[in-house]
Amino acid sequence: MKILAIETTCDETAAAVLGDDLTIYASLVASQEDLHEQYNGVVPEIAARAHVERILPVIHETMQKSGFSLDDLDAIAVANTPGLSGSLLVGLTAAKALAFALDIPLVTINHLHAHVYACQLESGQPVFPCVGMIVSGGHTHLYHYADALNPKYLGGTIDDAAGEAFDKVASMLKLRYPGGPEISKRAVSGNPKAHAYPRSFLKDDRLDFSFSGLKTAVRYSITGPGNVDPTTIELTEDQSADIAASFQQAVVDCLVTKAMQALKQTGLKRLCVGGGVAANRVFRDQLQQACESHGVELHIAPMKFCTDNAVMGAIAFEKLKAGMTDELDVDILPGLVREKV
Ligand code: KG4
Ligand code: ZN
């Protein structure tokens, strides 16, 4: 069985042709980073318009690369939640048109659970049941997965997502968007203990995160008190590296601690992590160490499948196997519908 998976939840236009043995026949991601960089974040209207321009060429090129024709496809998968409304609509509309024209099933998927499913792609053995952690630009959540299609929400951020905090702190340090990779590069030469930034809820049992206070603390460490624009302050390379390293360590401490608490509370011994921030080297290394010392089996999405892509749409095979397909009047769900798969 072969499917075409489509991903347009935020600012990447992506498509992949996948086999039900998780073979990746072709995968393409058209990034819009250059369009959003000057705004230090994704501008929804620009993203939607760019998806409209890119979706058909991306699908066409992905099919060409796969060596298959549209008639070889058995289903169309598309992420219809959560995300930016205009962006989601472009992907869903293209998917519906293809499913209708080819008379094959349409399968909608939840982008967040797809991020966790990315861990299944390179693992020879089943990765479910597990605690799943999504750490992306828009989301930071913990789930208990009985299996790929049965997630139970355990907790998550009450304000900013981890990736969003990376992006905002990067802009304070006058680093490029997206900020995660830039902060991690800058942090290499910095001292992670230079600033004692706050770590929210670290000593509580609740499996939640909060990064807005951390963001404010970083801001004040640059500007001092008062309403001063941090980008007007000239920092030396060393000062900027110390801030980047201390900020990164504060985020990593929160993520690693809460992941370990979730495992303890659920009694599970397997952790799967996906989303853009999972590409962070320090996070990967420290999580690995924590898992080793707690006897936990760790699966982190392969680097290339941490940030948005359509390959993780392979979760659609789980839905197809369970007979879960969608009608052509299915809509987008921009907000987080926690347990929708
Ligand atoms: O999963 P993703 O591609 O998009 C969403 O679904 O949000 O994640 C993008 C986020 C951005 O905030 C970006 O700054 C962050 O992932 N990111 C990183 C790294 N690479 C990407 N954050 C920290 N360290 C990285 N190396
Ligand atoms: Zn994502």
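Ligands are counted one by one from 1 in listed order, and the atoms in each one are counted from 1 as well.
- Here H115 reaches the Zn ion (ligand 2): one of its N/O/S atoms is less than 2.8 Å from the metal.
- Residue D308 approaches the Zn ion (ligand 2) most closely through its N/O/S atom OD1.
- Of the candidates A162, G137, G41, G137 brings a heavy atom nearest to atom 9 (C) of ligand 1.
- Distance check for C10 against the Zn ion (ligand 2): none of its N/O/S atoms falls below 2.8 Å.
- When only non-hydrogen protein atoms are considered, atom 21 (C) of ligand 1 lies nearest to G276 O, 3.4 Å.
- Side-chain atoms of D160 and S212 form no donor-acceptor pair, as typed in the model, at a separation below 3.5 Å.
- In this structure, K269 contributes its side chain and H294 its backbone to a donor-acceptor pair below 3.5 Å.
- Close approach to G179 involves these atoms of ligand 1, each under 4.0 Å from a residue heavy atom: 14 (O).
- The aromatic rings of F68 and Y25 sit perpendicular, their planes meeting at an angle over 60°, well past the 30° parallel limit.
- A donor-acceptor pair is defined here as one N or O able to donate and one able to accept, closer than 3.5 Å; no such pair exists between the side chain of H195 and the backbone of A244.
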Under the criterion salt bridge (charged side-chain N to carboxylate O under 4.0 Å, His left out), I'd like the reasoning laid out for K65 against E61: C-alpha separation, chi angles, the key distance, then a yes or no.
CA-CA 6 Å; K65 265 177 66 182; E61 206 178 319; over 6 Å; no
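- No donor-acceptor pair closer than 3.5 Å links the side chain of N80 to the backbone N or O of L88.
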Given side-chain hydrogen bond (donor to acceptor under 3.5 Å, both in side chains), test S240 with R186 step by step and report yes or no.
CA-CA 8 Å; S240 161; R186 181 58 59 99; 2.7 Å; yes
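- Ring planes of H141 and Y143: perpendicular class, angle over 60° (limits at 30 and 60°).
- Checked by distance only, ligand 1 and G163 come closer than 3.5 Å through their nitrogen or oxygen atoms.
- The closest donor-acceptor contact from the side chain of H111 to the backbone of P82 lies at 3.5 Å or more, if one exists at all.
- Among protein heavy atoms, the minimum distance from atom 14 (O) of ligand 1 is reached at D167 OD1, 2.7 Å.
- Residue-environment remark: OH (Y153) exceeds the threshold of 12 foreign heavy atoms within 6.0 Å.
- Not one N or O of E12 is nearer than 3.5 Å to an N or O of ligand 1, by distance alone.
- When the heavy-atom distances from atom 24 (N) of ligand 1 to V277, N280, I134, L112 are ranked, the shortest goes to N280.
- Residue contact check: G138 has heavy atoms under 4.0 Å from atoms 7 (O) of ligand 1.
- Within the 4.0 Å heavy-atom criterion, the part of H115 lying near ligand 1 is the side chain and not the backbone.
- Taking any N or O of G180, backbone or side chain, at least one lies under 3.5 Å from an N or O belonging to ligand 1.
- Scanning the protein for heavy atoms near atom 3 (O) of ligand 1, the closest one is D308 N, 3.0 Å.
- Heavy atoms of P181 approach ligand 1 to within less than 4.0 angstrom.
- Applying the 4.0 Å criterion to heavy atoms of S184 picks out, from ligand 1, the atoms 26 (N).
- V330 is listed as a side-chain neighbour of K96, based on a closest heavy-atom distance under 4.5 Å.
- Short contacts between ligand 1 and A279, defined as distances under 4.0 Å to a heavy atom of the residue, involve ligand atoms 26 (N).
- Between T307 and ligand 1, a contact under 3.5 Å exists for no N or O pair.
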